[in-house]
S.K.: 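Encoded as structure tokens, here's the structure I'll be asking about.
Chain naming here is simple, since letters A, B, ... match the order of the sequence lines and numbering starts at 1 in each.
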Amino acid sequence: MDPHRPSSSSERPTAEAILATAERWRQQLAGDVHEQVVEGLYRQAARVADRAVSRPDRAAMPTIDRRIDRLVTSRVWGFPIMLLLFGAMFWLTISGANVPSTLLASLLVDTVHPGLKGVFNSLGAPGWLTGLVVDGMYLATAWVVSVMLPPMAIFFPLLTLLEDFGYLPRIAFNLDRLFKQAGAHGKQAMTTMMGFGCNAAGVLAARIIDSPRERLLAILTNNFALCNGRWPTQFLIATVFVGTLAPAPLAGLVSSAAVTSVALLGVFMTLAVGWALSRTVLRGEVSTFSLELPPYRPPRVWQALYTSLIDRTLFVLWRAVVFALPAGAVIWLSANVHIGGESLATHCVRFLDPIGFLIGLNGVILFAYVIAIPANEIVIPTILMLTVMMTGSQGIGEGAGVLFKLDSNRAIGQLLTAGGWTVLTGVNLMLFSLLHNPCSTTLYTIYKETGSGKWTLVAAALPLALGFIVTFLVASLWRMM
Amino acid sequence: MLWAVPYEFSIGLGLLFMAILLWPRHGLAARWRQGQELARRMRREDALKHILKCEANGRVATLDSIAGVLQITTGAAARLLEELEAGALVTFESGRLRLRSAGRELGLHIVRAHRLWESYLAEQTGVAEGEWHHRAERQEHLLTPQEADTLAARLGHPTRDPHGDAIPKANGALEGEQGRTLNSVDPDTAVVITHIEDEPDTVYRQLMATGLRPGMRAFVIDKSPTRIRFWADGNEHVLAPVLAENVSIDLLPDFRTEELIEEEFLSGLQPGVPTRVIGLSPACRGPERRRLLDLGFVPGTRVEVEMVSPGGDPTAYRVRGTVVALRREQANLIRVSSRDVPDR
């Protein structure tokens, strides 16, 4: 009988007979079926490859790849090269983003904003509508776009180029020892770096970690990487409050050192929290390890640009904009809805003031962090607006609920000092900016990636709790001295 | 007047508390009752499991042995047996405790569910090894026979659990435990470990910490009344006889101990020396094992060290034209041999 043709219906065996046969054969198989299949596949593939592929002699093989690998993973040069590359990347991002950010702000905030206002007024829209839509929703979104887009549009293409070249896996390889001690995966080095650009993108990047436990760890601790949205806050506060403590020639150096220490504290927190989590709540979760080191390739520049802009920059920006619109409305409303003669924002700030004092901050800062949750970028404008409102300063800002910027650091310093700020407030704001809940964009991404409200809550509560503890300790020590 | 709460509010609050406490099925009181009922059922089923295991191994379960295993008083054990007898699950024949068919069926299901769940945890989830037994102890009471069958099908009808215990068929019989233990072997005889006892917990944890797994090859180096020194998969171990009693073995008549000692592992490989994969250690299971296989660490494959991380760990290996970094723990799970290394 031809074995390839189905037998006729009269000879067709019953389901039970087939199952019995399968069971009998299964008993005869020694070991794991999956394993035998894989081994068979490799045997077959090797046979085909040996017949079809001719390889040049081995001498041609130890190529540039190997030489680069020797260099970038060497004991002497591995870490300096890494630090140099990333230092350069941050420098390019921070200094390069300044110009386009100013341009975008002058276009969206200084030109389009008054223009839109004019359009609304000429249409005879009521004042509250103009305020809510133009001063609230539009302005907050314009701020987010103008401060968020340029650094991301520089940082992510650079990172994607390094990734495309094949260098990033080598970093994971170099740093794995460190992350292993924290119970994490070496690839977390890559997601942390991505987090320096944007935490939402860093959380998204945690997909490269294929073992669930380490992936969750990378997602939960990504927020400790100081993202692009927080660097400007750090630099501003360090310049205004920390740099001024030092003699003028050293001011720049001192404030840079302060920012770097905060960023390093973030890296330390990533490892420390990872260590603690993997020994407590994440102990029983799944854990495996392997790390492929692909060959080096000349980066495909246009493709890298395209994917980094579409997949990372615009994707994250879109999510931020979606959250910025309602937040802008809330910011404007909180400053313009009055109960008992005072605005909602005033009530909230008064309520939060005692808590703020306890941790060396103030009600304005805490309230700003609540309503500016869509993006860390609009925290400083919100703080400035609220401070003007609370102090009743004349001639600064654009009115209640309207975000604005001040061009000189001196003016910012004067305004904040009038708002009761001290060096302690500045230092603790820098710490709190590192250690607080992720922005709503990141939280939403965490929810999407983990599919769990519980882990999202942990991701929000954990850094916030740490922030309260650290700032409280610093404030207590400061006041004792 | 901060505390002048309107009384409608107090009534509302009172009603809310009552609802939280007394709500049918989801209220705290109902939850507590459900928890108590589950705990009672678990005790009954654990007692049946114990009696069944005793039967399968030719021992007789007694009131004291049940009290000991369940960690309850003899009085509580007696009440438990009364419950089982009333439920037509067990019977006393001339003073000897015996299972009735319904009791045997239920006990068998519990054992089967336990071992299937352990296999599931080991093969498909990658949950840490120390958690398997503990989690299965609970899950065995929650799986229905249908769910156990589905699970068995999904796992490809495994015949042994990760500790080497036989998984009984849905309506089959429970296999007794194997006779020979590591205690009974003469020095310099090659054996293979077939089973690691997973009860009681303290014994299991100590055995697990040694890294011994079913499927490892071993031989005893020397014995004294207080300790057994033996070799297993590249390492020397020392166990007290009371622990070694819990390691079951089979003889390997075709192997000489010298051959076992010569086994090498990938973690010991020096740069510049190619080697050949013999296989993966039995200690490597589940997603970890599948991942290593998929990466190409299958028998007969040539592997060499490509580079070592500046920290000393992990190490990158060249395997089938790709470079893969493994940590020392993983490399320790791959058996290699420096003999008959293929050219490429």
S.K.: Once salt bridge (Lys or Arg N to Asp or Glu O under 4.0 Å) is applied, what residue pairs with a partner in residues 328-337 of chain B remain, sequence neighbours excluded?
M.R.: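 Qualifying pairs: A/K180-B/E329, B/D233-B/R335, B/E263-B/R335.
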S.K.: Out of B/G296, B/S309, B/G311, return the one with the most heavy atom pairs under 4.5 angstrom to chain A.
M.R.: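 Option with the top pair count is B/S309.
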S.K.: Considering heavy atoms only, which positions within residues 40-49 of chain A lie below 4.5 Å of chain B?
M.R.: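 A/Y42, A/A46, listed by number.
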S.K.: Out of curiosity, A/R300 CZ to A/T160 OG1, how far, rounded to the nearest 0.5 Å?
M.R.: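 One finds 11.0 Å between CZ of A/R300 and OG1 of A/T160.
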S.K.: Taking the six-membered ring where the residue is Trp, are the ring centres of A/F179 and A/H185 under 6.0 Å apart?
M.R.: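 Not under 6.0 Å, so no.
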S.K.: Output all residues satisfying salt bridge (Lys or Arg N to Asp or Glu O under 4.0 Å) with A/E449, sequence neighbours left out; order by chain, then residue number.
M.R.: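 Applying salt bridge (Lys or Arg N to Asp or Glu O under 4.0 Å) to A/E449 gives A/R207, A/R215.
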S.K.: Taking side chain as everything from C-beta outward and backbone as N, CA, C, O, which of these in A/S290 sits under 4.5 Å from a heavy atom of chain B? Side chain, backbone, both or neither.
M.R.: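 For A/S290, backbone and side chain are both near chain B.
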S.K.: Does any heavy atom of chain A fall under 4.5 Å from the side chain of B/T315, the backbone, both, or neither of them?
M.R.: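 Contact with chain A: backbone only.
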S.K.: Tell me whether A/R279 at atom CZ has more than 12 heavy atoms from other residues, nucleotides or ligands lying less than 6.0 Å away.
M.R.: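 Enclosed.
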S.K.: Would you check if there is a donor-acceptor pair between the side chains of A/S211 and A/E214 at a distance under 3.5 Å?
M.R.: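 Yes, because at least one side-chain N or O of A/E214 sits under 3.5 Å from a partner of the opposite role on A/S211.
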S.K.: Of the backbone (N, CA, C, O) and the side chain (C-beta and beyond), which part of B/L295 lies under 4.5 Å from a heavy atom of chain A, both, or neither?
M.R.: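 Both backbone and side chain of B/L295 come within 4.5 Å of chain A.
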S.K.: Can you label the angle between the B/Y317 ring and the B/F297 ring as parallel, tilted or perpendicular, going by 30° and 60°?
M.R.: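 Answer is perpendicular, since the angle exceeds 60°.
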S.K.: What pairs with A/T346 under side-chain hydrogen bond (donor to acceptor under 3.5 Å, both in side chains), at least two apart in sequence or on another chain?
M.R.: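 Scan of A/T346 (side-chain hydrogen bond (donor to acceptor under 3.5 Å, both in side chains), adjacent residues dropped) gives A/S343.
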S.K.: Pick whichever of B/G300, B/A316, B/P158 has the most heavy-atom pairs under 4.5 Å with chain A.
M.R.: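 The answer is B/A316.
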